[in-house]
Amino acid sequence: MTYDWQAALTFFALMFGATLLFNFLLFKVPAFAQMREVNRAVDRTKLDRSAFRDAVKINNRVGLAVNLIFYVTVLPFCIGFVPRSFWNAASESAAGPVWWLFVQIPVVLLVFDFMYYWTHRSIFHGNLLRKVHALHHQARKPTYVDALYVHPVETTIGLLLFLGSMPIVAAVTGVTLNLFSMVVATFLFTQLNTLNHVYTRFPAKFPFSWIDYITGVHASHHIDMNHGNYATLTMFYDKLFGTFEEPVHRPTA
Ligand SMILES: [Zn+2]
Ligand SMILES: [Zn+2]
């Protein structure tokens, strides 16, 4: 194994820059700026409660710490500018096919979504950590800030499942992942996990109709703790394992 700190540092800088740029550009679109205002108004009333505010603060700190520890200790072994052997530092690895640069993005996301689906369904909704997960489920009609209203134990597990999917794929294939592809995967993971909770009511035309569909699917999971839609990025596993529920329509936030 080789510790590629330059790749990890570039990954961190690109993630940071891409997130800033995306947020700047996204809210130039009037429909999204309006959506943000509606969510902010409701979020403010939730954040008025000090217990809620504290929980969000702890979640953010724990999330940042888990990410940074992973970026320093594990990530440099699994990513690189060019592919190299994951297990054997001495052996030069073949460059590999170009399509793998693109395909590794959905592969990492689908590996994560599979692990998250079963963790969410059997541990967070099972006996083991149901009480921990109940904090997040206090949100019956989620808005933006509810994506951050998560118990630190759940935040740690969820993040490690995603971050851990990178070394898993690198270990199984025996080749490190491309750092740019992993920036895209991590960006999609972060944005989709936040978007899930946002209150939206858009005009029924593409791409807005898709966004309403995505948020409606997760809103259905939040109705109570007995609803399906356990996966967080796609509906694939819920459809596969028979726990998919139709999205709910929310007239108000
Ligand atoms: Zn749940
Ligand atoms: Zn949720």
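All ligand and atom numbering here is 1-based and tracks the order in the structure. Quick caveat, the model's predicted, so the values are computed rather than measured.
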Exercise: do T143 and N39 side chains pair donor with acceptor under 3.5 Å: no

What N, O or S atom of H137 is found closest to the Zn ion (ligand 1)? NE2

Please report the interatomic distance CD1(I123) to CD(E154), rounded to the nearest 0.5 Å. 11.0 Å

With the Zn ion (ligand 1) at the center, what angle do NE2 from H221 and NE2 from H125 span, rounded to 10 degrees? 100°

Could you check which N/O/S atom of H197 is closest to the Zn ion (ligand 2)? NE2

Just wondering, are more than 12 heavy atoms of other shown residues or ligands nearer than 6.0 Å to CZ in R61? no

NE2 (H218) to the Zn ion (ligand 2) to NE2 (H136) angle, given to the nearest 10 degrees: 170°

Would you kindly say whether H125 and H120 are connected by a side-chain donor-acceptor distance under 3.5 Å? yes

